[in-house]
Amino acid sequence: MDNMDNNDSHSQRYLYKTKGVCPPEIGFEINDGILTGVAFRGGGCPGNAALVGRLLEGRAVSEVQGILRGIACRNDTSCPEQLADAVDQALAGALLPVASFKVHSDETLHSKIAVVGELAGDHQALARIIEAAGKAGAEKVYCLGNVFAAKADPGAMLELMQEPNLVLLAGAGDWEFAQKPPEEDNLVAAALQAKLMDLDQVVSFILGDLAGVGFYGDYLQNLEGFSDFDPYALEMNMVCNLADLMRDKSVFGAVEAMVPGFRARLILFAQRGDWGAYQVGDATVISVGAAVDGDQVSWGLLSWGAGGLDLAIQS
Amino acid sequence: MAESVRDLPEDLDEIMEVREWDMRTREGITRFKELKAKILPSIVMDGDLVYESLIPPQEELIAEIQRRHQEKADAS
């Protein structure tokens with residue numbers, strides 16, 4: 001699992017908005033006084049910026065300040081000066097550490113996967129989908145959120161979460177519920193909250209020849225540490241913002257122009273709640289419909305075969 | 001298209017200010033929508049969407065900038 005929110009309790013991730021230099025943002029981590037992951041993002045010379053990041057990797061913060069200061073480039077500052085300012089602010093507590101979305105990286109090559117949208121806490125529906133997906137040959141079930149709802153049975157949901165081929169992602173509602181103060185007299189609900197808080201929020205996967213990514217929707221962009229330059233942020237920005245959850249077809253040409261910058265060529269999202277499939281350049285975007293609609297339960301079987309990608313909606 | 005704007009003669013700097021929006025960012029997308037643009041790349045002058053997708057020859061671009069500047073000068 002590739003967790004962008006570093007699991008090491010001593011490591012803090014920072015984002016710094018620059019002033020007067022080409023890259024608008026610098027990302028870095030400080031781990032017990034050691035600087036790592038320096039990345040100048042969004043502009044400037046990417047080769048030089050990558051070199052600077054590589055040269056600084058693993059150096060003590062106290063050591064790098066002397067290296068970074070006193071370099072002029074433009075507007076009486078420079079990328080190194082901006083990084084020095086950022087590190088100074090981080091050490092002084094003026095720049096606070098931030099966490100972005102958590103990514104579950106499924107690196108197994110798949111030929112069939114099941115995708116599930118809004119579950120609304122219906123553990124019985126989820127159990128039926130898992131069984132049907134298994135019979136249909138799906139190697140994994142990706143549930144993009146929301147998993148939980150207020151009416152749900154927390155105990156039953158916790159039990160289902162143990163399913164080995166199930167990848168559950170937190171949707172906006174899950175995230176909101178997870179952050180509520182836990183009810184002291186309801187230990188099961190509190191356990192579920194803790195579990196939801198722990199859920200990843202994005203899944204990356206490989207289906208046949210396609211690199212894929214799945215997520216719920218635009219709440220991820222409101223996370224404190226979300227960066228427009230994070231992996232898969234471009235896909236999110238295009239789908240959620242520019243194309244308004246793929247409802248605004250008039251801008252598909254603009255989205256297509258951005259596709260070469262995508263990491264994924266298959267993009268799944270669930271926020272809209274209805275099914276839709278869109279080809280934009282060589283990227284396929286799928287709106288995953290709600291899993292539960294009245295008595296109806298639906299999910300999608302995505303297959304890769306000789307004819308390429310196929311989506312079969314099952315209900 | 002961005003290159004065609006960057007390569008404009010320096011003397012035009014006195015009559016115009018160039019702002020480039022990064023469409024990878026939410027800020028850039030918001031501005032793109034405010035300007036009612038649909039295609040990338042696009043060139044907007046004084047809030048008017050003037051060029052979409054097609055890259056104008058530099059002479060045409062310069063002429064359009066100068067025409068707008070002259071219009072403003074005549075109006076004031």
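Each chain gets a letter, A, B and so on, in the order the sequences are listed, and its residues count up from 1. Computation of the quantities below employed the complete heavy-atom set of this structure, encompassing side-chain atoms and omitting hydrogens, waters and symmetry-equivalent molecules.
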Discussion item. Please rank C240(A), G43(A), A254(A) by heavy-atom pairs under 4.5 Å with chain B and give me the top one.
Written reply: A254(A)
Item to complete: Flag yes if more than 12 heavy atoms outside D76(A) fall under 6.0 Å of its CG atom; otherwise flag no.
Response: no
Discussion item. If I compare all heavy atoms of K33(B) with all of L242(A), which pair ends up nearest, and what's the gap?
Written reply: CE-O, 3.3 Å
Fill in: Segment of F262(A) engaging chain B (4.5 angstrom heavy-atom cut-off)
neither
Worksheet item: Is the backbone N or O of G261(A) less than 3.5 Å from a side-chain atom of R24(B), with the two atoms forming a donor-acceptor pair by type?
Response: no
Practice prompt. With a 4.5 angstrom heavy-atom cut-off, could you sort out which part of F229(A) is near chain B: side chain, backbone, both or neither?
Written response: side chain
Practice prompt. Verify the neighbour count for atom CD of E14(B): are there more than 12 heavy atoms of other residues, nucleotides or ligands below 6.0 Å?
Written response: no
Worksheet item: With distance as the sole test, does N237(A) use its side chain to make a donor-acceptor pair with the main-chain N or O of T25(B) at under 3.5 Å?
Response: no
Worksheet item: Do you know the tightest heavy-atom contact between I29(B) and M238(A)?
Response: CD1-CE, 3.6 Å
Worksheet item: Does CD in E60(B) sit with more than 12 non-hydrogen atoms of other residues, nucleotides or ligands closer than 6.0 Å?
Response: yes
Discussion item. Does E34(B) have more than 12 heavy atoms from other residues, nucleotides or ligands lying within 6.0 Å of its CD?
Written reply: yes
Worksheet entry | Crowding at NZ, K17(A) (>12 non-hydrogen neighbours, <6.0 Å) | yes
Worksheet item: How close do A257(A) and L40(B) get, heavy atom to heavy atom, and via which atoms?
Response: CB-CB, 3.9 Å
Practice prompt. Measure distances from Q221(A) to the heavy atoms of chain B and classify the residue's part below 4.5 Å as side chain, backbone, both or neither.
Written response: both
Worksheet entry | More than 12 heavy atoms of other groups within 6.0 Å of R247(A) CZ | yes
Item to complete: Please report the closest heavy-atom contact between K38(B) and S250(A), naming both atoms and the distance.
Response: NZ-OG, 3.0 Å
